[in-house]
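Shown next, in structure tokens, is the structure this report addresses.
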Amino acid sequence: MSITTSTASQTGDLPGADDVAVVLVEGDLDIRTAPELREVLRGLLRPTGASAAQHVVVDLRRVTFIDSYALGVLVQGYKLSRAHRRTFELVSTGTRVASLFRITGMQHVMPLHPDVPSALHERRTARVG
């Protein structure tokens with residue numbers, strides 16, 4: 001698994017959006033690898049610090065496998081974002097991720113967006129808190 005963090009400006013998804021962190025996850029996201037993602041999300045969602053972000057988009061389109069432990073890490077990120085009044089959006093078009101979300105009912109809590117621009121639209125319309 002690899003994790004790359006950049007801003008939406010750097011990825012070209014939304015020019016000028018330096019307050020949006022895009023976390024690109026590639027490979028298997030499971031009990032062995034998800035703790036690394038948890039630490040990245042904690043760093044981005046903490047209330048202060050140089051790496052803190054107002055908006056976080058986790059791009060799971062390149063995830064080849066996801067387990068329930070990793071889902072728990074995403075839920076923790078979502079809860080942390082709410083606690084610190086930040087937005088947290090997920091991007092995925094993969095059937096494995098969508099299946100896990102559908103089976104667990106999490107798509108109602110954390111909807112999956114088809115791409116980063118769609119997820120960024122949510123940041124403008126979401127009510128945080």
Side-chain angles (χ1 to χ4, degrees):
M1 181 197 68
S2 71
I3 299 173
T4 307
T5 304
S6 54
T7 67
S9 292
Q10 292 168 329
T11 64
D13 290 307
L14 188 62
D18 293 326
D19 63 339
V20 178
V22 178
V23 181
L24 174 62
V25 183
E26 298 183 64
D28 290 352
L29 188 53
D30 57 24
I31 194 167
R32 294 175 299 107
T33 58
E36 181 182 349
L37 177 60
R38 179 177 45 234
E39 293 310 311
V40 168
L41 294 177
R42 283 181 181 167
L44 291 170
L45 294 167
R46 66 181 176 218
T48 59
S51 65
Q54 187 62 36
H55 311 283
V56 174
V57 177
V58 181
D59 188 343
L60 303 169
R61 288 179 288 185
R62 296 184 184 168
V63 168
T64 53
F65 174 81
I66 185 169
D67 68 6
S68 59
Y69 184 89
L71 179 60
V73 168
L74 293 171
V75 170
Q76 289 172 359
Y78 172 78
K79 287 181 177 181
L80 188 60
S81 72
R82 303 292 287 181
H84 294 295
R85 302 188 58 74
R86 302 185 186 310
T87 60
F88 185 81
E89 301 295 334
L90 301 175
V91 171
S92 179
T93 54
T95 56
R96 291 177 190 251
V97 174
S99 292
L100 180 61
F101 272 64
R102 188 174 49 258
I103 290 167
T104 60
M106 291 309 297
Q107 81 275 14
H108 300 294
V109 178
M110 299 182 300
L112 298 173
H113 304 282
D115 52 39
V116 175
S118 297
L120 294 176
H121 174 73
E122 289 298 317
R123 96 180 161 106
R124 291 188 295 270
T125 57
R127 288 189 294 181
V128 181

>> With heavy-atom distances below 4.5 Å as the criterion, would you say the side chains of Phe88 and Val58 are in contact?
In response: yes
> Among all residues two or more places apart in sequence or in another chain, which pass the side chain to side chain contact (heavy atoms under 4.5 Å, CB included) test with Glu39?
Replying inline: Arg42
Gap between atom [atom2] of [Y] and atom [atom1] of [X] - 0.5 Å precision:
| X | Y | atom1 | atom2 | value |
| --- | --- | --- | --- | --- |
| Asp59 | Ile3 | CG | CD1 | 12.0 Å |
| His108 | Arg102 | NE2 | CZ | 10.5 Å |
| Ile66 | Thr33 | CD1 | OG1 | 9.0 Å |
| Arg61 | Leu24 | CZ | CG | 8.0 Å |
| Leu44 | His55 | CG | NE2 | 13.0 Å |

Do you know the tightest heavy-atom contact between [X] and [Y]?
| X | Y | answer |
| --- | --- | --- |
| Met1 | Val25 | SD-CG1, 3.9 Å |
| Met110 | Leu90 | CB-CD1, 3.9 Å |
| Phe101 | Thr104 | O-OG1, 3.4 Å |
| Ser81 | Leu45 | CB-CD2, 3.8 Å |

> What residue pairs, at least two apart or across chains, pass salt bridge (Lys or Arg N to Asp or Glu O under 4.0 Å) with a residue in residues 25-34?
Replying inline: Glu26-Arg62, Asp30-Arg32
>> Evaluate Gln107 against Leu112 for side-chain contact (heavy atoms from CB on, under 4.5 Å), listing each step before the verdict.
In response: CA-CA 7 Å; Gln107 81 275 14; Leu112 298 173; 5.5 Å; no
> Hey, quick one: are Val109 and Leu80 part of the same hydrophobic cluster, counting side-chain heavy atoms closer than 4.5 Å, chains of contacts allowed?
Replying inline: yes
>> According to a hydrophobic-cluster definition based on side-chain heavy atoms being under 4.5 Å apart (Ile, Leu, Val, Met, Phe, Trp, Tyr only), do Leu100 and Met106 belong together?
In response: yes
>> Under a 3.5 Å distance rule, please check whether Gln54 uses its side chain to pair with a backbone N or O of Arg85 as donor and acceptor.
In response: yes
Side-chain donor-acceptor distances from residues 91-98 under 3.5 Å, at least two apart:
| residue | atom | partner | partner atom | Å |
| --- | --- | --- | --- | --- |
| Ser92 | OG | Gly94 | N | 3.3 |
| Arg96 | NE | Thr64 | O | 3.2 |

Donor-acceptor list for residues 68-78 side chains, cut-off 3.5 Å, not counting sequence neighbours:
| residue | atom | partner | partner atom | Å |
| --- | --- | --- | --- | --- |
| Tyr69 | OH | Arg38 | NH1 | 3.1 |
| Tyr69 | OH | Arg38 | NH2 | 3.3 |

>> Once side-chain hydrogen bond (donor to acceptor under 3.5 Å, both in side chains) is applied, do any residues pair with Thr4, and if so which ones, sequence neighbours excluded?
In response: none
